[in-house]
Amino acid sequence: MSMMADHQGNSLFARIMNSNMAYSFKRNPVAIVSMAIFLIITLAAVFAPLIAPTDPYDPSLYDILDSELPPAWTNQGDPKFLFGTDDQGRDLWSAILYGTRTSLIIGICAVFVQAFLGISIGLISGYVGGRIDNILMRFADIQLSFSTLMVAIIFLAVSQALFGSETFNKYALFMLVGVIGIAEWPQYARTVRATVLAEKKKEYVDSARVLGFSSIRIMVRHILPNSLSPIFVISTVQVANAIISEASLSFLGLGMPVSQPSLGSLISSGFDYIFSGSWWITTIPGVVLVVLVLVINLLGDWMRDVLNPKLYKG
Amino acid sequence: MPLLSVRDLVVKFAMRDETVTALKSISFDVARGDRLGIVGESGAGKSVTGFALLNLISRPGFIDSGEILFDGMNMADMSDAELREVRGNKMAMIFQDPMVTLNPVLTIGQQMVETLQAHRKLSRKEAEQIAVLKLREVYIPAPEERLAQYPHELSGGMRQRIIIAIALLLDPQLIIADEPTTALDVTIQADIMELLLELCTTKKVSLILITHDLGVVSQMTENTLVMYAGRIIEAGRTREIINDPQHPYTQGLINALPQQTLPGERLKQIPGNMPSLSAAPKGCAFNARCEFAQDRCRMEVPNFEQIGPVKVACHEVRRLHHETHKQEDLA
Amino acid sequence: MFAYLMKRLFQAIAVMFAISLISFAIQDNLGDPLRELVGQSVSEEVRQELRDELGLNDSFFKQYTRFAGKVLQGDLGTSYFFKEPALDVILKKLPATLELVLGATIIIIGVSVPLGVYTAIKPNSLFSKIVMGISIIGISIPVFLTAILMIFIFSVELRWLPSFGRGDVVHVFGPWSTNFATVDGWLHILLPSVALASIMLPLFIRLIRAEMMETLQSEYVRFAWAKGIRPKRIWFVHALKNTLLPVITVGGVQIGTMVAYTILTETVFQWPGMGFMFLEAVNRVDTPLIVAYLIVVGFIFVVTNTIVDLIYGLVNPTVNLSRMDA
């Protein structure tokens, strides 16, 4: 409990985590448990190289004789492999630690790209208005109607065919971050634009303009802070969505290669063995993925309740 | 027996961290055919009173205790079915903002017919005929054509007339009008009030007019209640209250009217703000703004009692009244 | 009305133009048509001649116009793998995908509207809390994982339902064979459509609930209570009608998402639809088929979005179609 409070006080978002938020956090067991699980998973992912018994990226460490061993707690389990092994004899526990790390990195980086693009475009669109606003928002509409996943699948499929799998696999991480990042900017852009339009009417923006502040300064210093709480709420949900998108793409073979697996590619590699009874290769990474996404979503829900921002609908 | 008799009504709101009391035990009567004005600042509890009479306080609010005797029946402990029977039928309400009171996706006709059919066994045709009749009574031009129109096709003034017509559909005994003109253009306000007054007098319908405008009250009503921070602080004949206000707050309200000020002079506003419901001071809620406040006013809530022709809740008024009486007795 | 229609139509054409440009660019860069035609054993001179003959040395503009002209005539090239016109291949796969989407849509509408309305009317009931709890878990499970889980439970462990393919289909007409005519067909489409619905269902329940709760707070609903209207009419006529307006807009956007998710669902269930076909085409670098899929899916998106916009305009009386500048 006190650890939670300390964490909040020291975190980067200490200023946003005002006392009201901390208060509601302490009274909400779901938020506390979610935050705890999220921190455990994140820490495990960050320190994966220290925790993992083996390096899952090094094929010379696998032994094909160890392949498809069930988890340690089952009858045929080997105590060496806590969560069993996959079809190549790779330790699943190590693979999951590294996979979670990859999934989190992609999710968070992709959301940074989204936020950067969306906030800039939203600010410009709302502040400049007129024709530019019209074109940008129409563009956002069209992009939204084409679902991220669709755009990402097509983009990745075409680049895979274009560059060949070897080159593709090498840059898969950057491509995933790029495509998930670019495909979802309209969410942010619309919300920020709506705030800008609301704030623009207020007197302080006029007075800032009369005082001769530059447009960029007015936007970044005066208008942006007012859209922070919706941005914050959206970002949480978007990280969850980005992790799911990454997993889906990897599952289709359009994301991280099995040699550097994310949670999605681990699940995918196990899918072929589910009919032969090797359930753990798919199920355990699946559970980790669902729990990770679930706690992020629960935290997002809680933040939405506390901050209660006006989110752009539709 | 009065048509409506409210006794010790208490309404509370269960907020996240605390329960605040919006109506702190109010009592009043409305006789048949009588017109009562309820005056006060926003947040004084006027609108809450209006909705409480229909037992239509929505969550997190609730009627905590007290009686609302309407035509002999207690609205406060009726079943939902019994309440439906009264609402819109014997007791109707006119809302503040006509722009948001009518359902945007239903036609005027649908919204009128459903009201009639909720209370009487009527075919759609019969109901529509009554609707047209009522629209004519509120001076809506071409009423037959209005039935097929949607609210957004009509002006605010027109919509409020339609809402009045809906309130009159089932010839209620009591109409509660909650600031029926605040959302309208100034030019239309007087028309709507005049219409309301005409309809109430010709049909002998009782009216409760909730407003912050003392001028309107003096033209429209026979009796007046003045509310402050969830309590009635002065009640009596409208004429008495306008001409000889007793409570310092009522005096302040009257002095603040533009008519009381010479051109070019500043309006005489009451200093300070009404305390919020959760932060009401000890004693009389008005004490912080009152120029006559004594120690006693900061300790005890004054009783609401008959002093001369009106009922007032003020320690000072009572003291002064007794002193003058003593002097009169001596003389 | 006319101006609004024209505006929609213009936007639809602009989007289709952009899609055709992208498709053309892909076709231009992906795969070498010469290799498909003559193999690699031909000399450079003959190659150049063939290039000239095929117009591959023409300007970008000229090549694009030719491409667009063919597309407009329904000629999307010939699949390398199937040796058939790409459009025919897709049209054969289309009914399977559409039936899957239809099944999922029926489940979504049939379940989300009653649950969304109920949880809005009785937000504090135990059942509502359970529904909301399950829905947030549902949002957190990727569609392919739901699909795998269902196969594991219902096909592998319980052996109740088939795990792949369409089963017995009955031919209707043209390329259309339906799953909805035989028991076996129904059994086969059940898991895939539930899996496909699972991703949208929680979103729709939450959306309908949120919109409904907002509507129930509105002044016109309060006025309806004050008129003594029955609760059922207030909920299902006064509130639901206003709730569904924003839901239609979001629903239109989600149709697009659903087409994308058919790729995942079809892959897991080996459903012989166009999503599954697309992934196979990608693995085989069957460029004409990839390009054709892109154009057909783009066309489906544009058409559904335009229809949804028009329906919204028709349902909402406050939208004056002749004046709306959307």
Side-chain angles (χ1 to χ4, degrees), chain A residues 30 134 138 141-142 144-162 164-165 237 240-241 243-249 251-254 263-264 267-268 270-271 274-277 279 282-283 285-287 289-298 300-301 313-314, chain C residues 11 14-15 18-19 22 26 29-31 132 136-137 139-145 148-149 151-152 155-156 163 199 207 210-211 246-247 249-250 252-261 263-264 267-268 275 278-279 281-287 290 293-294 297-298 301-302 304-305 308 326:
Chain A
V30 176
N134 224 329
R138 189 58 49 84
D141 276 349
I142 293 170
L144 268 185
S145 73
F146 273 87
S147 110
T148 316
L149 197 62
M150 195 79 230
V151 174
I153 287 173
I154 289 171
F155 176 80
L156 294 173
V158 169
S159 9
Q160 202 180 40
L162 208 60
S165 349
V237 180
N241 286 344
I243 291 175
I244 286 192
S245 295
E246 185 279 328
S248 304
L249 291 165
F251 176 77
L252 291 175
L254 298 172
L263 289 173
I267 296 168
S268 171
F271 175 52
I274 200 165
F275 296 99
S276 61
W279 52 270
T282 288
T283 314
V287 169
L289 177 71
V290 171
V291 169
L292 175 61
V293 174
L294 180 64
V295 295
I296 297 176
N297 274 331
L298 287 171
D301 259 22
K313 269 180 285 184
Chain C
Q11 188 178 329
V15 172
I19 291 171
I22 294 169
I26 291 170
N29 289 308
L30 200 59
M132 294 317 288
I136 193 154
I137 295 174
I139 285 183
S140 308
I141 307 182
V143 67
F144 65 92
L145 206 54
I148 293 174
L149 257 164
I151 287 183
F152 187 69
S155 303
V156 180
S163 66
I199 192 75
L207 176 71
E211 293 292 336
V247 174
T249 339
V250 178
V253 175
Q254 298 300 339
I255 291 173
T257 316
M258 201 129 92
V259 173
Y261 282 109
I263 300 178
L264 283 161
T267 305
V268 178
F278 174 68
L279 270 196
V282 168
N283 289 332
R284 296 177 186 132
V285 200
D286 194 341
T287 316
I290 295 175
Y293 177 82
L294 214 68
V297 166
F301 274 39
V302 169
T304 45
N305 275 312
V308 166

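Residue numbering restarts at 1 for every chain, and letters A, B, ... go by the order of the sequence lines.
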Trainee: C:Pro142 and A:Leu289: which non-hydrogen atoms are nearest, and at how many Å?
Mentor: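 Nearest heavy atoms, C:Pro142 then A:Leu289: CG-CD2, 3.5 Å.
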
Trainee: Non-hydrogen atoms of chain A under 4.5 Å away: do they reach the side chain of C:Leu145, the backbone, both or neither?
Mentor: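 The side chain, not the backbone.
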
Trainee: Need one label for C:Ile199: side chain, backbone, both or neither, based on atoms under 4.5 Å from any heavy atom in chain A.
Mentor: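 Contact with chain A: none, neither part.
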
Trainee: Just verifying a value: how many Å separate A:Ile244 CD1 and C:Ile141 CD1, rounded to the nearest 0.5 Å?
Mentor: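 The distance works out to 9.0 Å.
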
Trainee: Please state whether the side chain, the backbone, both or neither of A:Asp301 comes within less than 4.5 Å of a heavy atom of chain C.
Mentor: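 A:Asp301 touches chain C through side-chain heavy atoms alone.
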
Trainee: With a 4.5 angstrom heavy-atom cut-off, could you sort out which part of C:Val268 is near chain A: side chain, backbone, both or neither?
Mentor: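 Both parts, backbone and side chain.
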
Trainee: Using a cut-off of under 4.5 Å for heavy-atom pairs, which of C:Ile290, C:Val156, C:Ile263 has the most such pairs with chain A?
Mentor: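 Looking at each option in turn, the highest pair count goes to C:Ile263.
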
Trainee: Given side chains that start at C-beta, do those of C:Phe144 and A:Ile267 come closer than 4.5 Å, heavy atoms only?
Mentor: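 Yes, their side chains come closer than 4.5 Å.
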
Trainee: Against chain C, label A:Ala240 side chain, backbone, both or neither, depending on which of its atoms sit under 4.5 Å from a heavy atom there.
Mentor: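 No part of it gets close to chain C.
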
Trainee: With side chains defined as the heavy atoms from C-beta onward, is the minimum distance between C:Leu264 and A:Leu149 less than 4.5 Å?
Mentor: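 They are in side-chain contact.
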
Trainee: Excluding sequence neighbours, so at least two apart, what forms ring-ring contact (aromatic ring centres under 6.0 Å, His included) with C:Tyr261?
Mentor: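 For C:Tyr261, no residue satisfies ring-ring contact (aromatic ring centres under 6.0 Å, His included) once neighbours in sequence are set aside.
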
Trainee: Could you tell me whether the side chain of A:Ile153 reaches within less than 4.5 Å of the side chain of C:Phe278, counting heavy atoms only?
Mentor: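 Contact flag for C:Phe278/A:Ile153 side chains = yes.
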
Trainee: Just how far is it from atom OG of C:Ser140 to atom CG of A:Leu292, taken to the nearest 0.5 Å?
Mentor: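 Reported to 0.5 Å precision, the distance equals 9.5 Å.
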
Trainee: Between atom CG of A:Leu294 and atom CD1 of C:Ile136, what is the distance when rounded to the nearest 0.5 Å?
Mentor: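 Separation between the atoms: 6.5 Å.
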
Trainee: Among A:Asn297, A:Ile296, A:Val151, who wins on heavy-atom pairs under 4.5 Å with chain C?
Mentor: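 That would be A:Asn297.
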
Trainee: Do A:Leu254 and C:Leu279 come close enough that some side-chain heavy atom pair is under 4.5 Å?
Mentor: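 Yes; the side chains approach each other to less than 4.5 Å.
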
Trainee: Could you work out, with side-chain contact (heavy atoms from CB on, under 4.5 Å) as the rule, every residue matching C:Leu294, not counting sequence neighbours?
Mentor: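 Listed in chain order: A:Ile154, C:Ile22, C:Ser23, C:Ile26.
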
